[in-house]
Amino acid sequence: MGFLKNFFDDVFADERPTAMAAPPTSSFEQLTEGQLEAHLQVAQYGDFTLTDAVRPSYNLEVVPSAGYRHDVYRDEENRADVPVLMAAASKERLLDIFMELIEQLGESVDVVLETSHGHRAGHHTDLYREQIDMPILQSILWDFEDLLTNDGCTGVAVLNPSVPQEVQLDEHKLLIAYGANLQSYEQILDEHKLPCREQMRFITEAEHVHSSNERFVDQFEELKMRLGMDGE
């Protein structure tokens with residue numbers, strides 16, 4: 001049970017990723033240690049490469065692939081429907097695309113770090129920093145490329161409340177843009193040759209697991225400090 005115990009108990013061990021967020025009734029519990037380790041090692045699906053942050057279900061209910069679709073977020077507080085673009089990009093292009101997307105938000109933005117380190121599945125903490133210049137933010141984020149790309153417990157959102165629009169690189173390493181007039185964001189996705197597939201499904205829409213390790217916990221604390229964020 002060595003690896004499986006780490007897998008389900010969220011125990012950090014060495015530099016090996018520790019899988020997270022597997023529900024108690026997860027089908028992963030039915031796998032042998034060998035099957036589980038073999039599945040977690042698979043990152044390539046056709047020409048799409050997953051980051052180290054997340055893995056799909058063992059039976060591949062959703063096969064990871066590149067693309068985007070249009071969606072709608074229902075803002076119950078304001079009784080409004082907010083247009084959404086959701087996209088998945090291969091690991092080697094992910095952060096480049098994210099950086100291009102956030103440039104659409106303007107010269108000064110707010111940033112939110114999302115962390116589920118030390119939390120139970122489904123729980124997280126948001127840390128907020130107002131008004132940071134875009135070049136400074138991008139420089140800091142590039143310094144933490146490994147964390148932002150490969151940690152399944154870290155997400156980042158950049159927003160401009162005056163627009164208002166928001167771009168996320170979430171814990172699953174999906175790219176998500178919210179707000180009206182998203183044409184410029186869609187153009188960037190098209191330029192990177194991400195196909196628009198309105199029926200595509202994302203890894204979040206089926207059973208999946210996240211992974212992290214102690215190194216990423218330390219890096220997150222450093223990123224939080226570099227961004228001047230308070231809070232646990």
Side-chain angles (χ1 to χ4, degrees), residues 48 50-51 53-54 62 64-116 124 126-142 144-145 147-152 154-205 208 223 227:
F48 184 89
L50 281 169
T51 74
V54 67
V62 174
S65 63
Y68 72 92
R69 77 178 191 215
H70 299 82
D71 216 320
V72 174
Y73 168 73
R74 179 63 181 175
D75 183 350
E76 295 294 347
E77 182 177 347
N78 296 309
R79 297 174 179 258
D81 290 333
V82 180
V84 177
L85 282 175
M86 293 186 64
S90 190
K91 177 179 180 177
E92 67 277 5
R93 303 164 65 190
L94 181 65
L95 207 60
D96 285 315
I97 297 174
F98 177 68
M99 293 297 185
E100 288 189 40
L101 292 173
I102 64 176
E103 286 177 354
Q104 308 304 304
L105 293 168
E107 296 181 1
S108 180
V109 293
D110 298 352
V111 59
V112 180
L113 285 183
E114 177 183 309
T115 174
S116 57
H124 66 271
D126 289 338
L127 304 170
Y128 204 95
R129 158 74 191 270
E130 294 182 346
Q131 294 185 331
I132 183 170
D133 291 341
M134 179 62 71
I136 294 174
L137 174 62
Q138 288 179 309
S139 177
I140 293 172
L141 295 181
W142 275 119
F144 291 86
E145 179 178 6
L147 172 74
L148 296 174
T149 302
N150 294 307
D151 182 24
T154 294
V156 60
V158 182
L159 58 147
N160 186 336
S162 66
V163 176
Q165 291 178 341
E166 176 177 334
V167 177
Q168 291 183 10
L169 176 61
D170 77 352
E171 292 183 333
H172 307 89
K173 310 313 163 189
L174 297 178
L175 298 162
I176 309 169
Y178 297 89
N181 302 317
L182 298 177
Q183 292 91 340
S184 62
Y185 301 93
E186 186 168 350
Q187 183 177 349
I188 290 170
L189 299 179
D190 290 337
E191 288 173 352
H192 282 273
K193 303 190 184 307
L194 297 186
C196 179
R197 296 186 289 125
E198 300 294 4
Q199 303 305 314
M200 80 174 292
R201 297 177 67 203
F202 295 97
I203 199 169
T204 53
E205 296 175 296
H208 61 278
L223 174 58
L227 290 171

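Only this structure's heavy atoms are used, side chains among them; waters, hydrogens and symmetry mates stay out. Numbers for residues simply follow the sequence, beginning at 1.
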Given side chains that start at C-beta, do those of [X] and [Y] come closer than 4.5 Å, heavy atoms only?
X      : Y      : answer
Glu114 : Val156 : no
Tyr128 : Leu159 : yes
Glu171 : Val54  : no

To the closest 0.5 Å, what do you measure between [atom1] ([X]) and [atom2] ([Y])?
X      : Y      : atom1 : atom2 : value
Trp142 : Asp96  : CH2   : CG    : 4.0 Å
Arg69  : Met86  : CZ    : CE    : 5.5 Å
Thr51  : Leu94  : OG1   : CG    : 7.0 Å
Ile188 : Leu85  : CD1   : CG    : 10.5 Å
Ile132 : Leu141 : CD1   : CG    : 8.0 Å
Glu103 : Leu137 : CD    : CG    : 10.5 Å

Inset, instruction - Can you sort out the partners of Glu130 under side-chain hydrogen bond (donor to acceptor under 3.5 Å, both in side chains), two or more places apart, ordered by chain and number? - result: none
Inset, instruction - Decide whether Glu191 and Gln187 meet the rule of one side-chain donor and one side-chain acceptor closer than 3.5 Å. - result: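 On atom types as modelled, these side chains qualify, holding a pair under 3.5 Å.
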Quick one: does any side-chain atom of [X] pair with a main-chain N or O of [Y] as donor and acceptor, under 3.5 Å?
X      : Y      : answer
Arg197 : Ala66  : yes
Gln165 : Leu182 : no
Gln138 : Met99  : yes
Asp81  : Val72  : no

Which heavy atom in [X] sits nearest to a heavy atom in [Y], and how many Å separate them?
X      : Y      : answer
Leu169 : Leu148 : CD2-O, 3.9 Å
Ser90  : Phe48  : N-CE1, 3.5 Å
Gly179 : Val82  : N-CG1, 3.5 Å
Met200 : Glu205 : O-OE1, 4.2 Å
Leu189 : Tyr68  : CD1-CG, 3.7 Å
Ile102 : Met134 : O-CE, 2.9 Å

Inset, instruction - Quick one: do Phe98 and Leu175 satisfy side chain to side chain contact (heavy atoms under 4.5 Å, CB included)? Show the steps, please. - result: CA-CA 7 Å; Phe98 177 68; Leu175 298 162; 3.7 Å; yes
Legend entry - Steps toward side chain to side chain contact (heavy atoms under 4.5 Å, CB included) verdict (Gln131, Asp110): CA-CA 5 Å; Gln131 294 185 331; Asp110 298 352; 4.2 Å; yes
Inset, instruction - Take Leu227 and Leu127 through the side chain to side chain contact (heavy atoms under 4.5 Å, CB included) test and state the conclusion after the steps. - result: CA-CA 10 Å; Leu227 290 171; Leu127 304 170; over 6 Å; no
Inset, instruction - Test Ile176 against Tyr185 for side chain to side chain contact (heavy atoms under 4.5 Å, CB included), laying out the working first. - result: CA-CA 10 Å; Ile176 309 169; Tyr185 301 93; over 6 Å; no
Legend entry - With Asp170, the side chain to side chain donor-acceptor pair (under 3.5 Å) member among Lys173, His172, Gln168: His172
